[in-house]
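Here's the structure we're looking at; comments come further down.
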2 protein chains.
Amino acid sequence: MDSFDAQVPQLGEALPLVATDPRWLVIALADLDAVHADHLHCERKAAQSALSLIRSYPDRADLVTAMARLAHDETRHVVQVAQLMSRRNVAASFDHGDDYAAALRALIRPREPDRLLDRLLVFAVIEGRSAERLELLAGALADPKSRELYASLATAEVRHRDIFLSLARDASPGTWRARAAELADLEAGIMQNRTVVARIH
Amino acid sequence: MDSFDAQVPQLGEALPLVATDPRWLVIALADLDAVHADHLHCERKAAQSALSLIRSYPDRADLVTAMARLAHDETRHVVQVAQLMSRRNVAASFDHGDDYAAALRALIRPREPDRLLDRLLVFAVIEGRSAERLELLAGALADPKSRELYASLATAEVRHRDIFLSLARDASPGTWRARAAELADLEAGIMQNRTVVARIH
């Protein structure tokens, strides 16, 4: 992470997300099993999203390698969350879907090159929001092993956010920053209209 | 791999696949870039298939962990194939689809518990066939680095085939072996009716 950040200082400043509603942490801590069950699917879907970008843009060698590596990370996270759940004697449950991600995906413009830029930035937003919430959990969990796991996952999500931002910058050097700010604003609106639930988003 | 194989000796015997048409290797070696381009997508789709099983069967803890680990392997393979292509100065191309995998997927029975068994066995067949062909390539490639890579990938695919067979056995102890033999026969028919092309399948 250090070497990556050194290359792209303050990349995350391009994507200022509003702070999570303080009620979220209380609700999440009250039903941690539900949060973990949702989190497992979040990590799975993050891997799938990265792979879907490889399918769409196989001719972009940098993107292919970055996304394969990111999916490699996320699949390890699936194993880690599954192991945490197994320690807690809780089976994973079916994915309830994610209306937060769906609302963000609806903002992706359909025509290239806007489409690539928006897909990268929407994934950056999701990683950024996940990082914030995983860090909130890491700071509040009672179990030291869970706390350590969540802190490491939060760090990974920050790195992933910056990978997406870096790819967005390379794909659309002239427009990525303005669109990132715009999507951060739109995400604030989506967050405001959501019911606070015991899930990652 | 050794410890896994030690637990399940001769698991692969349950899935005897016919030998590949000898013309395939000649055709593949004559257009290696096309084979690599197809191979990249095969590894990507293998990761996606494993993740799709997690989505469908999140309550099966053993399957979730095994599939997340398998997808973790496959995403590393995507990086390795992308690096090989980059050394050869070839960009990946769009996925041409895979009528071989589609023909196999059409054999998956729609109702549970048949559906889970068939999905696991179809993925075992695809891994087994990939392993055979990657090993053929490994034995014939001129470049030592490519040969080494393909040999290691072939070994990984054998291990993956056995993971699917082992999950199939656990899911349907009484019927998995007969169904595996049946699908191996059906795959032989699919192979016989296919044009031999410079792709993995």
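Chain naming here is simple, since letters A, B, ... match the order of the sequence lines and numbering starts at 1 in each.
For B:E74, no part lies under 4.5 angstrom from a heavy atom of chain A. Contact annotation for B:T65: both backbone and side-chain heavy atoms come within less than 4.5 Å of a heavy atom of chain A. Heavy-atom distances place the side chain of B:L40, and not its backbone, under 4.5 Å from chain A. Proximity to chain A (any heavy atom under 4.5 Å) is shown, for B:A71, by both the backbone and the side chain. For a residue to count as touching a neighbouring chain, one of its non-hydrogen atoms must lie under 4.5 Å from one of that chain's; by this rule A:Q83 touches chain B with the side chain only.
More than 12 heavy atoms of other residues, nucleotides or ligands shown are found within 6.0 angstrom of CD on A:E112. In this structure, A:E135 places its CD atom where only 12 or fewer heavy-atom neighbours from other residues, nucleotides or ligands lie under 6.0 Å away. Shown here is A:D143, whose CG atom has more than 12 heavy atoms of other residues, nucleotides or ligands within 6.0 Å. In B:D62, the CG atom is not crowded: 12 or fewer heavy atoms of neighbouring residues, nucleotides or ligands sit closer than 6.0 Å.
Of all the listed residues (B:L51, B:D59, B:D95), the one sharing the greatest number of non-hydrogen pairs under 4.5 Å with chain A is B:L51. Listed options A:L70, A:D73, A:V79, A:V64 were ranked by heavy-atom pairs under 4.5 angstrom with chain B; first place goes to A:V79. Comparing B:S52, B:A50, B:A68 by heavy-atom pairs within less than 4.5 Å of chain A, the highest count is held by B:A68.
A distance of 11.0 Å separates CG of A:L53 from CZ of B:R44, quoted to the nearest 0.5 Å. To the nearest 0.5 angstrom, B:H41 atom NE2 is 8.5 Å from A:R55 atom CZ. Once rounded to the nearest 0.5 Å, the distance linking CD1 of A:I54 with CD of B:Q48 reads 8.0 Å.
Among A:R69, A:H72, A:M67, the single residue meeting the side chain to side chain contact (heavy atoms under 4.5 Å, CB included) criterion with B:T75 is A:H72.
For the pair A:F94 and B:P58, the tightest heavy-atom approach, listed with the atom from each and the gap, is CE2-CD, 3.5 Å.
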